[in-house]
Amino acid sequence: MDAVPAAIAEALRRATDTGGHICVLTGAGMSAESGIPTFRGTHDSLWSRFDPMRLATAEAWREDPALVWGWYRWRMQLVRDAQPNAGHRALATLAQRVPLSLVTQNVDDLHERAGSLVDAHVHGSLFALRCFACGRAHAGSLDDYVGGMQRVEPMRCAACGDRIRPGVVWFGEALPDDAWSAATDAAMRCTLMLVVGTSGLVYPAAGLPALARRHGATVVEINPEPTALSAEVDHVWRATAAHGLPRFLG
Ligand code: BJW
Ligand code: ZN
């Protein structure tokens, strides 16, 4: 098994020994080894089979809510059946040893189920259902809405009668203020940022590593493939999340 590359181990040692703060930014690759497909790039990525512009936008929802809701129900079922992997568990353990902020683009709950406190879900959470029109939170049992992928008419809001939508951030929508402000605070405060399993294509989240660097942090990418961020980081480790992150525990 390969150990953490020396320059990265040294960056971690420097950050932790000198009272520094680590910020971890995760993307879909974090959950890939739990069996959740990523969005882009692989033959089984979510969007190699579905057109994101048809499914992950408010326009798509208005046009065909049953199609979009069916896709999300299927994804909720996938997440519910998945388990956190060794990478999720390693981050939860690391946070008990060093000051660490966890910022995720993922809409799953695998970090939490591994024992982490997530500082910011910048793209929301699959299970935080709310009304499309009035925004009121919908509290229902999971069994009411998980399922296989077929067209399903969404549930209705008890307050206004409009449709209940997943609590995610679609293209063209603003990121939740509290999550975005926690994410930028963590990026500006950290001395080391670990960027795990993201293609770095979706903004504004993809701008967090550059923000951290401008504020003096060392930025490390952990990803088996090159990404849009690779050229902008200080160190790159071509490893998967479940392989690489446990190695940070020594
Ligand atoms: C492994 C691995 C293993 C594989 N281990 N790694 C600036 C410039 C250009 C465009 C824009 C810009 N600012 C805004 C935009 C527009 C747009 C955007 O960025 N478009 C680009 C695509 C061009 N952004 C937005 O619209 C955002 N909103 C916004 O800016 O609002 C402005 C506004 C302000 C005020 C009022 C109104 C509006 C919103 C973005 C929302 C993104 N939402 C999604 C869907 C969420 C819902 C859902 O899940 O269905 O979030 S898109 C999708 O991409 C999802 C992800 O969180 C996000 C990022 O993807 P991620 O995590 O990087 O995954 P992948 O698949 O791309 O990459 C996986 C990586 O894992 C790969 O690198 C693999 O190699 C790696 N990997 N196995 C480790 N085992
Ligand atoms: Zn409503």
Side-chain angles (χ1 to χ4, degrees), residues 25-48 50-61 68-69 71-76 78-79 85-88 90 103-108 120-138 154-177 179-180 183 194-210 221-230 236-245:
L25 171 66
T26 66
M30 182 76 228
S31 299
E33 287 152 291
S34 294
I36 310 292
T38 59
F39 289 92
R40 305 171 184 81
T42 61
H43 61 281
D44 64 347
S45 68
L46 281 174
W47 292 347
S48 60
F50 305 101
D51 178 356
M53 293 310 175
R54 275 194 71 201
L55 296 168
T57 65
E59 291 70 38
W61 178 261
V68 176
W69 182 240
W71 187 57
Y72 278 101
R73 273 173 44 113
W74 168 70
R75 290 180 51 206
M76 287 181 205
L78 267 184
V79 170
N85 64 52
H88 294 105
V103 175
T104 189
Q105 297 169 81
N106 296 344
V107 297
D108 65 47
H121 269 280
V122 292
H123 292 159
S125 298
L126 266 181
F127 300 106
L129 304 181
R130 66 170 191 271
C131 173
F132 181 76
C134 76
R136 184 173 139 147
H138 175 84
M155 297 165 297
R156 293 287 176 162
C157 172
C160 78
D162 206 278
R163 295 183 175 89
I164 299 297
R165 60 165 282 180
V168 301
V169 181
W170 285 325
F171 283 117
E173 292 185 325
L175 277 55
D177 280 343
W180 183 242
L194 305 179
V195 182
V196 186
T198 178
S199 58
L201 292 170
V202 176
Y203 281 82
L208 290 169
E221 176 178 78
I222 300 162
N223 195 310
E225 304 291 336
T227 74
L229 299 171
S230 300
V236 164
W237 187 11
R238 295 277 163 249
T240 70
H243 174 85
L245 293 172

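In listed order, ligands and their atoms are each counted from 1.
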Angle subtended at the Zn ion (ligand 2) by Cys134 SG and Cys131 SG, rounded to 10 degrees: 110°
Purely on distance, is any nitrogen or oxygen of Trp170 under 3.5 Å from one on ligand 1? no
Non-hydrogen side-chain atoms of Leu208 and Trp180 separated by less than 4.5 Å: yes
Looking from the Zn ion (ligand 2), what is the angle between SG on Cys160 and SG on Cys157, to the nearest 10°? 110°
4.5 Å side-chain heavy-atom contact, Arg75 and Leu55: no
Output for pair (Met30 CE, Leu245 CG), nearest 0.5 Å, gives 5.0 Å
Any chance you could measure Arg163, atom CZ, to Trp61, atom CH2, to the nearest 0.5 Å? 7.5 Å
Measuring from the heavy atoms of His243, does anything fall under 4.0 Å of ligand 1? no
Just let me know how Ala32 lines up against ligand 1, side chain, backbone, both or neither, with a heavy-atom cut-off below 4.0 Å. side chain
Looking only at non-hydrogen atoms, the one of Asn223, Val169, Thr38 nearest atom 72 (C) of ligand 1 is Asn223
Do Ser31 and His88 come close enough that some side-chain heavy atom pair is under 4.5 Å? yes
Taking the side chain as everything from C-beta on, heavy atoms only, tell me whether Val122 gets closer than 4.5 Å to Gln105. yes
Check the angle between the aromatic planes of Tyr72 and Trp170 and answer parallel, tilted or perpendicular using the 30° and 60° thresholds. tilted
Can you confirm whether Pro226 sits close enough to Arg238 that some side-chain heavy atom of one is under 4.5 Å from a side-chain heavy atom of the other? yes
Would you say that Asn106 contacts Thr26 through its side chain, given a criterion of any heavy-atom pair below 4.5 Å between the two side chains? yes
Could you list the atoms of ligand 1 found under 4.0 angstrom from a heavy atom of Glu33? 3 (C), 5 (N), 80 (N)
Between Pro224 and ligand 1, does any nitrogen or oxygen pair lie at a separation below 3.5 Å? no
So do Cys134 and Asp162 actually touch side chain to side chain, heavy atoms under 4.5 Å? no
Could you pull out, from Gly197, Gly244, Pro37, Ala174, the option with a heavy atom nearest to atom 69 (C) of ligand 1? Gly197
What atoms in ligand 1 come closer than 4.0 Å to a heavy atom of Arg75? 48 (C), 49 (O), 50 (O)
Closer than 4.0 Å to some heavy atom of Tyr72 - which atoms of ligand 1 meet that? 47 (C), 48 (C), 50 (O)
For ligand 1, which atoms sit closer than 4.0 Å to a heavy atom of Val168? 47 (C)
In terms of its nearest heavy atom to atom 62 (O) of ligand 1, the top option of Gly124, Ala28, Pro226 is Ala28
Is there a side-chain contact between Ile164 and Arg156, using heavy atoms and a 4.5 Å cut-off? no
Option of least heavy-atom distance to atom 22 (C) of ligand 1 (set: Leu201, Asn106, Val196, Leu245): Leu201
Under 4.0 Å from a heavy atom of Thr240: give me the atoms of ligand 1 that qualify, with their elements. 3 (C), 5 (N), 80 (N)
Taking N or O atoms only and a 3.5 Å limit, does Gln105 qualify as a polar contact for ligand 1? yes
For Arg165 versus Phe132, what's the shortest heavy-atom pair and its separation? CD-CD1, 3.7 Å
Short list, please: which atoms of ligand 1 are under 4.0 Å from a heavy atom of Gly27? 62 (O)
Does any N/O atom on Val107 come nearer than 3.5 Å to any N/O atom on ligand 1? no
Can you name the atoms of ligand 1, numbered from 1 with element, that are less than 4.0 Å from a heavy atom of Thr227? 73 (O)
Under 4.0 Å from a heavy atom of Pro204: give me the atoms of ligand 1 that qualify, with their elements. 30 (O)
